[in-house]
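Comments concern the structure below.
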Amino acid sequence: MKAWPILAIAFIESSLFLGHWFIYHTLVVFLAGSLSSAATQGLRNSLFLLAFSFVAAALVGFRYSNPAVSFFYLVAAVWLGVFDFFLLAAFLCRLVDSSLHLAGLHQNRPLTATFLFAVALLVCVYGLLNARRIRLRRVPVHLPNLPAAWRGRTALLFSDLHLGHINRLGFSRRIAAMAARLNPDVILIPGDVFDGTPVAPDRLAAPFKQLSPPFGIYFTTGNHDEFGSTAKYIAALTGAGIRVLANEKVVVDGLQILGIPYHDSTYPIRMKAKLDDLRPDPGTASILLSHVPNRLPIVEQAGVSLQLSGHTHGGQIFPFTWMTRRVFGKFTRGLHNFGTLQVYTSYGAGTWGPPMRVGTNSEMVLLTFE
């Protein structure tokens, strides 16, 4: 086994352990006198075990698939989201306490901790409910040199379903049912249909067989689709009637649709070489499916009209929403211009890790060509 995965796991686990210790220490300090010795020991033992839960669940979940593993992964993932907001609550406890001390005001530490941790728990409940609600965004798109036949037609964009231990068959059925009701002319999926876990891909992809848009369904892989059994994922999607574009270009009633897999988009030289091979015709509108909204100078130079991406999730939950914005800027979500290239990035329909959304929404996007 290579050294870098071990180092990465060690770094992540160390960070989680320190965060759990900070929550424990904050609760013990702020609830001093309210916790019995047995309660304090129980809290310490619980947080110690929870500190290792998500890494353990992820390692097990990427090798095995059964109801027990899926339940363990779900519990650990939910706790990871709760941990995020409990950690924020602990920091706020310290901040409020320091501010009141500097101002010479009375401090009621138990009340402060109870209030902030209760708010954090309510935010978690909201996040769990919000993630399950999939919004529909309707976005008009004007593409230069769009074939006349495509004016007024619609393309449904959805990405980042992350089908696996959490988003299971019921979720894929919901997505397929929503797509069928919208009756788009074409469906475009820029990656991460699967979460990379050893689930039954044929079963999870089966609901998409009911979809039959007039001009087809097109997909290219995201980073999670390239974890584990990529060939099985691709075979499952192909069997469901989805055209997988792996460095390919198809012309659909005059509109060019291209797909670059995630692994080829990660290297600028390789990305440029693949686009050079595909030779999009600048005289006709083209759409590129590329999972991550990056390599935009290369894509613009190739003469692509519109890039469709996902991947960012918008950060999914605060404060990662802020961090993601610092990485991807305005291309974190929505329709934006990069020179002559237009880029649309979706928040995605599913979630990764904590099945929560705070500060973002799960979405599907209906593009109308003008």
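Heavy-atom basis, side chains included; hydrogens, waters and symmetry copies ignored. Fair warning: this is a prediction, and the values are worked out from it, not measured in the lab.
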Distance in Å, Met323 CE paired with Phe318 CZ, rounded so as to fall on 0.5 Å steps: 8.5 Å
Is it the case that atom CZ in Phe215 sees more than 12 heavy atoms from other parts of the structure closer than 6.0 Å? yes
How about Arg203: does its CZ atom have over 12 heavy atoms from other parts shown lying under 6.0 Å from it? no
Got Leu7 and Phe11 here, is their nearest side-chain heavy-atom distance under 4.5 Å? no
Determine whether more than 12 heavy atoms belonging to other residues, nucleotides or ligands lie under 6.0 Å from atom NZ of Lys272. no
More than 12 heavy atoms of other groups within 6.0 Å of Arg135 CZ: yes
Would you call the rings of Tyr73 and Phe54 parallel, tilted or perpendicular, where under 30° means parallel and over 60° means perpendicular? tilted
Contact summary for Tyr347 and Glu363, nearest pair of heavy atoms: N-OE2, 2.9 Å
In this structure, is the centre-to-centre distance between the rings of His224 and Phe227 below 6.0 Å? yes
So, Asp195 versus His165: side-chain donor-acceptor pair below 3.5 Å or not? no
Do the side chains of Val358 and Asn130 get nearer than 4.5 Å, heavy atoms only? no
So if I apply the ring-ring contact (aromatic ring centres under 6.0 Å, His included) rule between Phe194 and each of Tyr233, Phe62, Phe219, which one comes out positive? Tyr233
Taking side chain to side chain donor-acceptor pair (under 3.5 Å) as the criterion, tell me which of Thr220, Asp225, Asn223 meets it with His291. Asn223
Any donor-acceptor N/O pair, Thr154 side chain to Thr368 backbone, under 3.5 Å: no
Could you tabulate the donor-acceptor pairs under 3.5 Å formed by side-chain atoms of residues 204-214, not counting sequence neighbours?
unit_1: Gln210; atom_1: NE2; unit_2: Pro207; atom_2: O; d: 3.3

What closest approach, in Å, do Val343 and Pro293 show between heavy atoms, and which atom pair accounts for it? CG1-CB, 4.4 Å
To check you understand the geometry: which heavy-atom pair defines the closest contact between Ile260 and Leu278, and what is its length? CD1-CD1, 3.8 Å
Do other residues, nucleotides or ligands put more than 12 heavy atoms under 6.0 Å from Arg326 CZ? yes
For Thr351 and Arg357, which I'm curious about, is there any donor-acceptor pair between the side chains at under 3.5 Å? no
Joint hydrophobic cluster, Val244 plus Val252, side-chain heavy atoms closer than 4.5 Å: no
Heavy-atom check, side chain of Ser290 versus side chain of Met271, under 4.5 Å: yes
Could you give me the CA-CA distance, side-chain angles and deciding distance for Thr112 and Asp97, then say whether side chain to side chain contact (heavy atoms under 4.5 Å, CB included) is met? CA-CA 8 Å; Thr112 298; Asp97 189 58; over 6 Å; no
Donor + acceptor pair across side chains of Thr221, Glu226 (<3.5 Å): yes
Greater than 12 external heavy atoms within 6.0 Å of Tyr267's OH: no
Does Phe30 have Arg109 sitting over its ring (NZ/CZ under 6.0 Å from centre, angle to axis within 45°)? yes
Should Arg94 and Phe22 be marked as a side chain to side chain contact (heavy atoms under 4.5 Å, CB included) after you check the CA-CA gap, both sets of side-chain angles, and the distance that decides it? CA-CA 11 Å; Arg94 302 286 184 166; Phe22 185 73; 3.7 Å; yes
Taking it one step at a time, do Asp160 and Trp352 satisfy side chain to side chain contact (heavy atoms under 4.5 Å, CB included)? CA-CA 8 Å; Asp160 300 276; Trp352 179 84; over 6 Å; no
Interatomic distance, CD@Gln307 vs CD1@Ile287, rounded to 0.5 Å, equals 11.5 Å
Smallest separation among heavy atoms of Leu116 and Ala89, with atom names: O-CB, 3.8 Å
Could you tell me if the ring centre of Phe48 sits under 6.0 Å from that of Tyr24? no
Evaluate whether atom CD1 of Ile269 has more than 12 neighbouring non-hydrogen atoms of other residues, nucleotides or ligands under 6.0 angstrom away. no
Just by distance, with hydrogens left out, do Thr312 and Arg333 show a side-chain donor and acceptor under 3.5 Å apart? no
Heavy atoms only: give me the nearest Gly19-Leu87 pair and the separation to one decimal. O-CD1, 3.7 Å
Under the criterion side chain to side chain contact (heavy atoms under 4.5 Å, CB included), I'd like the reasoning laid out for Phe369 against Asp185: C-alpha separation, chi angles, the key distance, then a yes or no. CA-CA 11 Å; Phe369 298 111; Asp185 294 290; over 6 Å; no
Identify which one of Leu306, Leu308, Val365 satisfies the side chain to side chain contact (heavy atoms under 4.5 Å, CB included) criterion when paired with Leu335. Leu306
No-hydrogen, no-angle side-chain donor-acceptor test under 3.5 Å, Asp277 and Asn247: no
Kindly compute the distance separating CG (Leu121) from OH (Tyr126), expressed to the nearest 0.5 Å. 15.5 Å
Could you check whether the rings of His20 and Phe83 sit parallel, tilted or perpendicular, using 30° and 60° as the cut-offs? parallel
What heavy-atom pair brings Val78 and Met356 nearest, and what distance separates the two atoms? O-CE, 3.6 Å
Within a reach of under 6.0 Å around CZ of Arg151, are more than 12 heavy atoms found that belong to other residues, nucleotides or ligands? yes
